[in-house]
Amino acid sequence: MEQYEPDDRLSPAQVAAMRRSLRTGRAALTRRSLLRASAGGALALGGLGSLSACGIPAAGKTAGGTSAEDHSAQEKRISFSNWTEYMDVDDSGKHHPTLDAFTQRTGIKVTYTEDINDNNEFFGKIKPQLAAGQDTGRDLIVLTDWLAARLIRLGWVQKLDPANLPHAFANLSGQFRTPDWDPGRAYSYPWQGISTVIAFNKKALDGVEVRSVSDLLDNPELKGRVGFLTEMRDTVGMTLLDLGKDPAAFTADDYDAAIARLQKGVDSGQIRRFTGNDYTSDLTKGDLAACLAWAGDVVQLKADSPDVDFIVPDSGYLTSSDNLLIPNKARHKTNAERLIDYYYEPQAAAELAAYINYVCPVDGVKPYLAKIDPDAANNPLIIPDKAMQAKSHAFRSLSAKEETAFEAKFAKLTGA
Amino acid sequence: MSTLTEAPPPLTPAAPAKKPPRRRGRWTPYWLLLPGLLWLVVFFALPMIYQASTSVQTGSLEQGYKVTWHFATYWNALGDYWPQALRSVLYAAAATVLCLLLGYPLAYLIAFRAGRWRNLIMILVIAPFFTSFLIRTLAWKTILADGGPVVGALNTLHVLDVTDWLGWTAGDRVLATPLAVVCGLTYNFLPFMILPLYTSLERIDGRLHEAAGDLYAKPSTTFRKVTFPLSMPGVVSGTLLTFIPASGDYVNAELLGSTDTRMIGNVIQTQFLRVLDYPTAAALSFILMAAILLMVTFYIRRSGTEDLV
């Protein structure tokens, strides 16, 4: 008020009165009284009783069932949430040719959003709605195996109707047909497969040979220049393989052994850090000489920086997939199923695979892909050959209890 | 303001109070505060209650979470994660001291010596804020890259040997070490130090300096006896604005650090998103808040100022 000249509606005396009342009168507002008042208010408002009232309801027991009324026939549209850079884009950068072709053929408009950046974060985002039995506003989402398994376990996704999925049923590649968390693919279909391999930067390695996870963990010449992934299943799975254990059938003791092996690498300073997708920049810059990496990234990195390459360890590699799921209460279930089925037609699958370079989960794509990009068709990272498939392993699904315990141990390993 | 114009007629001390003072105005200040208070209740008090409740719940995602007044969560969380908590305080304190050492001379320069360049320098201080926090932090990964010129120079000068011996860096690199995290924190919060310092310094009457000179004070004495004491409000609020967010930060430790530089913010994030241990995450958040509140209260009492800025 000091610097502000009060306008003519307030006489100086009025201002003085106001100030008096604010400072010293009954309504005097000192900082302390205000604090006391608001703290008292908050307590009275909240009360200890309400503390106990706000628990989180048990999952899967949501009132009103899982499915919403299917509006597919009346509303020719669908809302599709996917990861960034996981869809073909034309030169203008605005259109997705395969999605446009789908819309042209079926008349179903696709609202395509790239709003998934991290499984854990996305789970945090959709959990409140799904737990409360509400529509997330999304008809189709793409989640990695373990999170897909968790949503199925929690009863938060809808069962697919096989009648709408003829191509998907016929063309799904054998490697992805029977995951232990969704046998027979009743709830999910893979969008793309992901292979976890070892990537390296030839210049940074400077002649040092890397052939296995053991090399990453033990070779003193790589001290402080080795990276592992923050995805627990990829890092522990590759270490289990290196220890001669099968990630599809390991015990809690095996898991502890793998963690202990990695812990040694952390303690000795061999492991520089655990990374998410950001290993790509560290690797191209040469700050990381070698690291666990996702093959789809490496195919793209190789195109930009010739120093980057990858190897598949003799002990094998880990394959997982990102899966299409229809969350509870989605309004356009049939439309979503038609879109899933569309991407299992070899032509559409080939166009997508040529663009994004991940493992294509669709059989019979090779001839179509060869027409678009012969190199991609012969790349075992995109269309795995027999030898490559033989080395592929899956990480077994975990019970809720195991998942919490294992994630806690892994969190401790990575520093928190 | 309409409420204000209807305030009671002026109460002049001379006028005898014939009737008891009208009580209409009694609630006026509270009505004026209402929007702010509502905001506080909806976005602060209610979430706090919810969080307090979460911190004493037990259960799992499948079974749901119920309030069981399980206060042991707090002790367990403290027992498990005190190193990260302590580290957060140390890193934030180091960053705050560095910010003060870097920011004070700059704020002094802008306030007293910059002349017509003053606005330009202020813009330069604020300009980095036009890009995102994340981008600014990622830029440090390029600046401090292992093969980059900065690390090369530090190696040639054998600075990294000293910092390695002190445990601030590891081997011949800076990234993924405590030093990198503290650098990132310092850089990201520097403007929060400079701005309050500048406002404080800029208010100092130049004639006081002249008077000090007239009384034969050396420039250093003038600074010690006149300038610095008068800038104390800026120092206090600057250190608070730097220390509080820095101690809860997790981005710098995530991007520039390694496993042994994780701060309490990283732990909370991991517990909440990855391990799905919501009670522990909530308890740790409360512990962090309580610790900061205690430290800040102590600091304000000791610094003897209640006027910030």
Side-chain angles (χ1 to χ4, degrees), chain A residues 9-11 13-14 16-18 20-22 25-27 29 34 38 41-42 45-46 50-61 118 120-121 123-124 150 153-154 223-225 232 266 269 271-274 278 281-282 285-287 400-401 403-404 407-408 410-416, chain B residues 1 4-5 7-12 23 25-30 33 37 40-41 45-46 48-50 52-54 56-57 59-67 81 84 138 141-142 145-147 170-171 173 175-176 255 257-262 266-267 270-278:
Chain A
R9 277 177 299 174
L10 291 171
S11 69
Q14 275 176 316
M18 252 169 54
R20 235 184 349 262
S21 137
L22 279 166
R26 295 281 308 267
L29 258 188
L34 182 63
S38 34
L45 188 84
S50 73
L51 271 189
S52 19
C54 44
I56 300 169
K61 301 186 181 81
D118 178 285
N120 287 307
E121 270 165 31
F123 180 73
R150 186 193 288 165
R153 204 170 66 214
L154 292 167
K223 190 176 172 197
R225 298 194 292 146
M232 182 266 276
V266 169
I271 297 176
R272 184 191 183 97
R273 54 192 286 257
F274 290 83
D278 48 333
S281 62
D282 290 10
K285 265 186 280 179
D287 287 354
K401 238 188 185 150
E403 192 167 42
T404 313
E407 283 287 4
F410 188 71
K412 210 150 254 175
L413 171 76
T414 57
Chain B
M1 289 304 270
L4 285 184
T5 51
L11 292 169
T12 40
R23 301 169 67 94
R26 193 185 156 188
W27 293 103
T28 309
Y30 288 100
L33 272 172
L37 276 179
L40 210 64
V41 165
L46 289 180
M48 288 291 275
I49 292 165
Y50 188 78
S53 155
T54 305
V56 290
Q57 290 174 6
S60 70
L61 210 53
E62 265 81 0
Q63 268 93 49
Y65 287 88
K66 286 195 189 67
V67 173
Y81 301 110
Q84 284 91 343
L138 282 172
K141 291 190 75 158
T142 312
D146 289 9
R173 67 165 203 263
L175 276 184
L255 294 176
S258 175
T259 49
D260 58 353
T261 64
R262 310 268 293 176
N266 302 98
V267 180
T270 309
Q271 293 298 319
F272 189 81
L273 288 177
R274 192 168 282 276
V275 186
L276 304 181
D277 190 344
Y278 303 125

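Below, read A as the first sequence line, B as the second, and so on, with proteins coming before strands; counting in each chain starts at 1.
- With values rounded to the nearest 0.5 angstrom, B/Y81 atom OH is found 5.0 Å from A/K412 atom NZ.
- Looking only at heavy-atom pairs under 4.5 Å with chain A, the residue among B/V275, B/N266, B/D277, B/D260 that has the most is B/V275.
- Heavy atoms of B/R274 lying under 4.5 Å from chain A belong to its backbone as well as its side chain.
- Within the 4.5 Å cutoff, the side chain of B/L61 has no heavy atoms near those of the A/E403 side chain.
- Here the NZ-CG distance, from B/K141 to A/D278, works out to 5.0 Å after rounding to the nearest 0.5 Å.
- Contact of B/L138 with chain A is not made at all, since no heavy-atom distance falls under 4.5 Å.
- For chain A, no part of B/A170 is nearby; none of its heavy atoms comes within less than 4.5 Å.
- Counting heavy atoms from C-beta outward, A/R272 and B/D146 have side chains that approach closer than 4.5 Å.
- More than 12 heavy atoms of other residues, nucleotides or ligands sit less than 6.0 Å from atom NZ of A/K285.
- The main-chain N or O of A/G415 is found under 3.5 Å from a side-chain atom of B/Q84 such that the two form a donor-acceptor pair.
- Once rounded to the nearest 0.5 Å, the distance linking OG1 of B/T261 with CZ of A/R273 reads 9.0 Å.
- For A/K401, no part sits under 4.5 Å from any heavy atom of chain B, backbone or side chain.
- For the residue pair A/A411 and B/T270, the shortest heavy atom distance occurs at CB-CG2, 3.6 Å.
- With a 4.5 Å cut-off on side-chain heavy atoms, B/T259 and A/I271 do not count as touching.
- For B/L175, the parts sitting under 4.5 Å from any heavy atom of chain A are the backbone and the side chain alike.
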